[in-house]
There are 2 protein chains.
Amino acid sequence: MPELRIGEVAARSGIAASAIRFYESEGLLPNPDRESGRRVYDESILERLSLIDLAKRAGFSVAEIKKLLAGFARRTPPAERWRVLTEKKLKQLDERIAEAEQMKRVLRVVMSCRCPSLEDCSKAIHASRAAGREGE
Amino acid sequence: MPELRIGEVAARSGIAASAIRFYESEGLLPNPDRESGRRVYDESILERLSLIDLAKRAGFSVAEIKKLLAGFARRTPPAERWRVLTEKKLKQLDERIAEAEQMKRVLRVVMSCRCPSLEDCSKAIHASRAAGREGE
DNA sequence: CCTTGACTTCAAGTGTACTTGAAGAAGTAC
DNA sequence: GTACTTCTTCAAGTACACTTGAAGTCAAGG
């Protein structure tokens, strides 16, 4: 199994070396072996980094990801360890989607609007917000 | 027209006085009149603040909102002045929604997964990512 | 031997959007 | 006349996720 130094890991994963050191310092990554002081990784680091990246993009903070990975490390099924966190996050994602869609409505009104003044456009926007809340 | 002091504007708008001063310092709000040093606003400030709030929730940064409001101030129709910015933002919103939905898929896999190890779960996640890209 | 390049550590800096704290002034209440 | 509240300014602090800089180490190449 080929051993990688941090520069190569950074290049392959697209994650900056400084970020990799940071993740390590935060406990997201295990302490790697060293060769004359330098970090040496095997390729499994790439999967771990892509998992971290995925979790990040799922909206998890570094602190949360640490908890998630701690679950992995203990080899317990995620379902148990992650349930609360992932359910909360699923809700947040739904909220985020709903909010983004509301923003899209706002932007579409703004773009189609030929308002000569602030007041008119404000009114149009308020109307669109009301429309967005119709089904509540 | 009733004149409001910053505390009342804050109470009515739901935006902290410190945030209002901050927006002013950033050029999002005009310099208000003063009465013995204190800011005095008329009610139109409330509309302006709600517009700022709206733009914020549409994902615009303070710097961007400043540009948008500069357009308003010149009373040119938003459609022209905002086109580039809003179109870009619409794209970003679509990306954000797509990403959030991808993350939901990931989370659902993770939750239903009984992986004994990191590797298995990683595979399941990768499979779900591929599934998310089917139609591309 | 000396330079080069990739690495090391640790502290401090970055950007965003505010908030908080200190020290003081103005008008109101008793 | 002094206590209280609400305001004023300005500098510094907060949170997050890194990045950057300084100063030094290590192995390889010329």
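In what follows, chains are A, B, ... by sequence order, proteins preceding strands, each numbered from 1. These numbers come from a predicted model, not from an experiment.
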Salt-bridge contact B:Glu43-B:Arg12 (side-chain N to carboxylate O under 4.0 Å) = yes

Value in whole Å for how far the P atom of D:dA17 lies from CD1 of A:Ile52 | 12 Å

Check the pair B:Leu68, B:Leu51 against side-chain contact (heavy atoms from CB on, under 4.5 Å), reporting the backbone distance first and the verdict last.
-> CA-CA 10 Å; B:Leu68 299 183; B:Leu51 195 65; over 6 Å; no

Output one line per pair: protein atom, nucleotide atom from nucleotides 1-6 of chain C, and distance, for all N/O pairs under 3.5 Å.
| residue | atom | partner | partner atom | Å |
| --- | --- | --- | --- | --- |
| C:dA6 | N3 | A:Arg38 | NH2 | 2.7 |

Roughly how many Å is it from CZ in B:Phe22 to C1' in C:dT19, rounded to a whole number?
-> 11 Å

Out of C:dC18, C:dA26, D:dC18, which has the shortest distance to the side chain of B:Tyr23?
-> C:dC18

Mind checking A:Ala63 for me? I need base, sugar-phosphate or nothing, with any heavy atom below 4.0 Å counting as a touch.
-> nothing

Any side-chain heavy atom of B:Asp33 sitting closer than 4.5 Å to one from B:Asp42?
-> no

Looking only at side-chain N and O atoms, does B:Ser36 come under 4.0 Å of OP1 or OP2 in C:dA25?
-> no

How long is the span from the CG atom in B:Leu69 to the CZ atom in B:Phe60, to the nearest 0.5 Å?
-> 10.5 Å

Euclidean distance, B:Gln92 CD relative to B:Glu87 CD, rounded to 0.5 Å = 12.5 Å

Rounded to whole angstrom units, what separation is found between the CD1 atom of B:Ile20 and the C1' atom of D:dT9?
-> 17 Å

May I ask you to evaluate whether B:Arg34 reaches the phosphate of D:dT9, defined as a side-chain N or O under 4.0 Å from OP1 or OP2?
-> yes

To the nearest angstrom, how far is B:Ile65 atom CD1 from C:dT16 atom P?
-> 13 Å

With a non-hydrogen cut-off below 4.0 angstrom, is B:Ser18 in contact with a base, only sugar-phosphate, or nothing?
-> base

Under 3.5 Å donor-acceptor, A:Glu64 side chain and A:Ser61 backbone | yes

Measure from CZ on A:Arg39 to P on D:dT25 and round the result to the nearest Å.
-> 17 Å

Ignoring backbone atoms, establish whether A:Arg21 has a side-chain N or O less than 4.0 Å from OP1 or OP2 of D:dA17.
-> no

Identify whether any heavy atom of B:Ala17 sits under 4.0 Å from a base atom; if not, whether one sits that close to sugar-phosphate; answer base, sugar-phosphate or nothing.
-> nothing

To the nearest 0.5 Å, how far apart are CZ in A:Arg39 and CG in A:Leu4?
-> 14.0 Å

Mind calculating the distance between CG (A:Leu28) and C1' (D:dC18) to the nearest angstrom?
-> 13 Å

Quick one: B:Glu35 CD to C:dT28 C1', roughly how many Å, whole number?
-> 15 Å

Nucleotide C:dT16, atom P - distance to CZ of B:Phe60 in whole Å | 16 Å

